[in-house]
Amino acid sequence: MDAIGNTPVVRLGRVFPDAQVVAKLEYMNPGGSIKDRMVRHMLRGMPAGTRRVVESSSGNTGAALAMASAVYGLDCDVTVPATTSCEKKKRIAAYGARVHPCSVDGGPDYHAAAEEIARDTGAFQLDQYRSALNREAHYRDTGPELWRQLAGEIDVFVCGVGSGGTISGIGRYLKEQHPGVRVIGVEPLHSAYRHLITDQKPDGQFATVVEGVGKRQPACSFDPAVVDDVVQVPDEEALAWVQRLAREEGILAGGSSGCVSAGIARLLPRLQGARVATVFPDSGAFYLSKYF
């Protein structure tokens, strides 16, 4: 658990040759994603005597929790959408956790299923979508680390929005260091966050193949006061950028990284030479059967 963090920052000089864009490679955490940081922080506050934990997850939080449970000797249940990639589900199970795929048609969704397990077994539920500890983890950990690595040379922070904790925590920290830093979210089409920040209302039904970003309803862990703008990109654009990152940068990143890269490409014409930073939350190795 002590090996979590201190992930490298690299310049995306091939896909953005005429701009100053850097990405923090969070897939180099021990559990393979940025969610390692959040889970570590949230488990520090679990009740004494906890023996069982449960969480709903699109995959990465589940894997991070399963890894931590192996370290701490906890029983672990993870509920996931049925659409979660097979690599993610196998990864969670490989740590010894129980994986509960939940269909979107009939029965409880994966959030309700986690609540049901917590209620029936007395398990401690992390509740990443509602807990303030989600964004606090990135305020206390990821944000300061990014600021230090870039020596404060950052004008714009662009981040995919899923549970909302990453953009809210890092964004708050960066703005406290320099109020002029702009914080911009990226999400798939028809997701719920843009209308909280702009006057653009959802004009269609939310559905995406990109895991980890976008929500039908905003999560409580998202802090709209921190975010200056939110842009939306279509799935095909996000997945095209996943391919570009792999083939031009040698960075095998997941769909949320492709989504945020597509968003940066859309934003650059109006950022006028700004120094842009983002985070790549996880690896494309977890989506080989789905995106490649």
Side-chain angles (χ1 to χ4, degrees), residues 1-10 23-46 50 53-80 84-85 87-97 99 114 124-129 131-149 159-170 173 211-213 219 221 251-257 260 277-287:
M1 301 301 289
D2 291 340
I4 294 169
N6 296 310
T7 55
V9 173
V10 299
K24 191 162 173 54
L25 306 184
E26 284 296 292
Y27 58 76
M28 296 186 74
N29 279 303
S33 84
I34 196 169
K35 297 297 187 178
D36 288 9
R37 299 175 186 266
M38 181 196 73
V39 165
R40 179 176 64 178
H41 185 69
M42 296 178 86
L43 287 183
R44 286 170 177 162
M46 65 181 171
T50 296
V53 291
V54 62
E55 181 62 330
S56 56
S57 167
S58 61
N60 285 324
T61 297
L65 181 60
M67 176 188 72
S69 296
V71 173
Y72 295 136
L74 302 170
D75 286 331
C76 179
D77 293 270
V78 178
T79 63
V80 298
T84 298
S85 71
E87 290 91 347
K88 279 186 177 179
K89 288 182 278 193
K90 288 181 178 179
R91 181 163 136 245
I92 295 168
Y95 288 114
V99 184
F124 171 66
Q125 183 181 3
L126 275 68
D127 203 5
Q128 62 171 316
Y129 296 99
S131 174
L133 293 175
N134 182 346
R135 58 178 180 259
E136 184 180 283
H138 300 293
Y139 174 76
R140 295 185 179 278
D141 181 14
T142 329
E145 187 176 298
L146 179 63
W147 181 261
R148 183 175 65 252
Q149 287 175 309
C159 186
V161 190
S163 69
T166 301
I167 191 170
S168 300
I170 296 177
Y173 181 84
E211 297 182 24
V213 286
S221 52
I251 295 175
L252 191 63
S256 59
S257 303
V260 78
T278 188
V279 291
F280 285 173
D282 70 353
S283 170
F286 306 145
Y287 309 91

Show your working on side-chain hydrogen bond (donor to acceptor under 3.5 Å, both in side chains) between E55 and T61 and close with a plain yes or no. CA-CA 8 Å; E55 181 62 330; T61 297; 5.8 Å; no
Distance (rounded to the nearest 0.5 Å) between L43 CG and M1 CE: 6.5 Å
Verdict with supporting geometry, H138 and I34, side chain to side chain contact (heavy atoms under 4.5 Å, CB included): CA-CA 9 Å; H138 300 293; I34 196 169; 3.7 Å; yes
Nearest heavy-atom contact between W147 and Y173 is CB-CE2, 3.8 Å
Mind checking side-chain contact (heavy atoms from CB on, under 4.5 Å) for S256 and listing every partner two or more places apart, or none if nothing turns up? V213, P281, D282
Heavy-atom pair with the smallest gap, counting every atom of A66 and A97: CB-CB, 3.7 Å
Taking everything shown except M28 itself, do over 12 heavy atoms lie less than 6.0 Å from its CE? no
Who passes side chain to side chain donor-acceptor pair (under 3.5 Å) against S57, sequence neighbours left out? none
Give a yes or no answer on whether the side chain of S85 reaches the backbone of Y287 with a donor-acceptor pair at less than 3.5 Å. no
Side chain to side chain donor-acceptor pair (under 3.5 Å) filter on D141, not counting sequence neighbours, yields R37, R40
All heavy atoms of A64 vs all of D36, minimum pair found to be CB-OD1, 3.3 Å
Is a side-chain donor or acceptor of K35 paired with a backbone partner of G62 at a separation under 3.5 angstrom? no
Residues in side chain to side chain donor-acceptor pair (under 3.5 Å) with S56, at least two apart? H111
Any chance you could measure S283, atom OG, to N29, atom CG, to the nearest 0.5 Å? 12.0 Å
Mind checking what makes side chain to side chain donor-acceptor pair (under 3.5 Å) contact with K89, not counting sequence neighbours? none
To the nearest 0.5 Å, what is the distance between OG1 on T50 and CG on D75? 11.5 Å
Could you go through the side chain to side chain contact (heavy atoms under 4.5 Å, CB included) check for V80 and V99 one step at a time? CA-CA 7 Å; V80 298; V99 184; 4.0 Å; yes
Test side chain to side chain contact (heavy atoms under 4.5 Å, CB included) on E145 and Q149; report intermediate values, then the result. CA-CA 6 Å; E145 187 176 298; Q149 287 175 309; 4.0 Å; yes
Testing the basics here: between S33 and R91, what is the closest heavy-atom pair and its distance to 0.1 Å? CB-NH2, 4.4 Å
Are the side chain of S168 and the backbone of G164 linked by a donor-acceptor contact shorter than 3.5 Å? yes
Hey, could you give me the CZ/CG distance between R148 and N6, rounded to the nearest 0.5 Å? 6.5 Å
Using every non-hydrogen atom in the two residues, find where A253 and F280 come nearest and quote the distance to one decimal. CB-CD1, 4.3 Å
Taken to the nearest 0.5 Å, the spacing of S69 OG from I92 CD1 works out to 11.0 Å
Minimum heavy-atom distance V39-A68, with the two atoms named: CG1-CB, 4.1 Å
Sorted by chain and residue number, the side-chain contact (heavy atoms from CB on, under 4.5 Å) partners of S58 (sequence neighbours excluded) come out as K88
Report the C-alpha distance between H41 and L126 in whole Å, list the side-chain angles of each, state the deciding distance to 0.1 Å, and finish with yes or no for side chain to side chain contact (heavy atoms under 4.5 Å, CB included). CA-CA 10 Å; H41 185 69; L126 275 68; over 6 Å; no
Using side-chain heavy atoms (C-beta onward) and a distance below 4.5 Å, is L25 in contact with V10? yes
Going from CZ on F286 to OG1 on T84, what distance comes out if it is rounded to the nearest 0.5 angstrom? 13.5 Å
